[in-house]
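Ligands are counted one by one from 1 in listed order, and the atoms in each one are counted from 1 as well.
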Amino acid sequence: MRRLMFEARAQLASPVRNPRMATVIGRLLGLAFLLCFGTGLYSHFLQQPLAWMTFPTRPARLYQFTQGTHIVAGIACFPLLLAKLYVVFPQLFQYPPVTSFKNFLERASIALFVGASLVEITIGLLNTYQWYPFPFPFKQVHFALAFVIIGSLIIHIGVKLPLIMAHWRAAPTPESDERHPVDTGVVATVTTAAVNTAEGLPRTRGVTGRLLRYIDSTPALPARTSRRGFLATVALGVAAVVGLTAGQTFAPLDALNVFGPRKKGVGQQGVPVNRTSAQAGVGSTALAADWVLTLMLGGTERSFSRAELLALPQTDVDLPISCVEGWSQMASWRGVRLRDLVETAGGSPTTDLRLISLEQRGGFKQTEMGHEYVSDPLTLVALELNGETLDLEHGYPARMIAPGRPGVLQTKWLSRIEAIDA
Ligand SMILES: Nc1nc2c(c(=O)[nH]1)N[C@H]1C(S)=C(S)[C@@H](COP(=O)(O)O)O[C@H]1N2
Ligand SMILES: [Mo]
């Protein structure tokens, strides 16, 4: 077994499979995961705030930026994680499988990290396409796995710290080192094998000889060239997957957006639609002639027809729809300032609100809005989009649009607005 594993590692030895490369790729992967974790937590708490939390409403495009970053960094993790697995692959054939408690911790945390990461980025990507072929709820699992990943990553980095520190900077390798393009694990194995041989385990001798011949025969230049080639391949992979999708949120890359699930400008009134009126089952109620928006604030109830809302002072704002799934779209909205409407209905713009849709089922038929959004002058009960009467698919007769919020909270087909009692 020892010999088999040793031979496997010898066969897999390559100039790019070394601790320096593992550190270089690992740093990028670590950065991508931290970006995902931070922006993910932000998105999570915007949707499920703790009681004491308030959020910045400006810059109005903040969430568009953080969530766009979340998706872009998550997509970049695919080539980075594959590259990292490629670099450290021979370590899989360590024998004996566990050598010490520290080694056990190291290997267990890596197994956890790799498994959790692959599931995390895969279900995350599938979520951007709204495809859920797995038998568990996306949101809860995606959230929980994030902590598994960060936890195992901390253990991994802790255990590997000496190695990471040693290879943080490119070593000013003497020319002769270029001729040892083998991972330190294999070098250690060579040493072990030599010792074994000395101890009378002659079966490994042939392998040792072959490996040493391999090391000796590998010329210096190809080693460096193949390392550059590998990094270039990884960079190209990242550029491709990011470049061909990031246009769904970052406008300058719009022309390159061929794989993003949404395309800017495609949809009713030039804005993509997430949940249609048919999916939400609001076709007839939203178009009913007797529709009114009812505000229930501080014990008094007041209702407004669409004509009455249109008769109130109208405000124009430019705000994006920024979907949690990573696409976003800037748009021009026209409607009644929420804080004015709240005051007209006898309420105060310093209270939190519950927004209730005509939608009967679905996770977002009802949402909550913190007072910081209620008092922001950019927050509208929107009646028009891009110069036309709001399309049914975008929330006719009236929808909420507020700065800095996830798309899921921009409630369409509004029916009721209530004060949440403190
Ligand atoms: N009532 C209701 N409003 C809703 C939703 C919903 O499912 N039901 N989806 C939200 C989501 S996830 C997004 S991204 C935005 C998209 O708005 P749009 O379809 O007008 O682009 O609407 C939000 N408003
Ligand atoms: Mo969304």
Chemist: Would you mind checking if Arg275 and Glu393 are paired as a salt bridge, meaning a charged N to carboxylate O distance below 4.0 Å?
Modeler: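 No, no charged N to carboxylate O under 4.0 Å.
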
Chemist: With heavy-atom distances below 4.5 Å as the criterion, would you say the side chains of Tyr63 and Ser43 are in contact?
Modeler: yes

Chemist: Take Arg339 and Asp376 through the test salt bridge (charged side-chain N to carboxylate O under 4.0 Å, His left out) and record every step on the way to the result.
Modeler: CA-CA 7 Å; Arg339 68 176 189 197; Asp376 192 297; over 6 Å; no

Chemist: State, with a plain yes or no, whether a side-chain heavy atom of Trp333 is found less than 4.5 Å away from one of Ile321.
Modeler: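 Trp333 reaches Ile321 side chain to side chain.
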
Chemist: Do Lys102 and Val159 touch side chain to side chain, with heavy atoms closer than 4.5 Å?
Modeler: yes

Chemist: Does the side chain of Leu380 reach to within under 4.5 Å of the side chain of Leu338, using non-hydrogen atoms?
Modeler: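 Leu380 does not reach Leu338 side chain to side chain.
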
Chemist: Can you list, by chain and residue number, every protein residue with a non-hydrogen atom closer than 4.0 Å to ligand 1?
Modeler: Val271, Pro272, Val273, Asn274, Arg275, Ile321, Cys323, Trp327, Ser357, Glu359, Phe364, His394, Arg399, Gly407, Val408, Gln410, Thr411, Lys412, Trp413

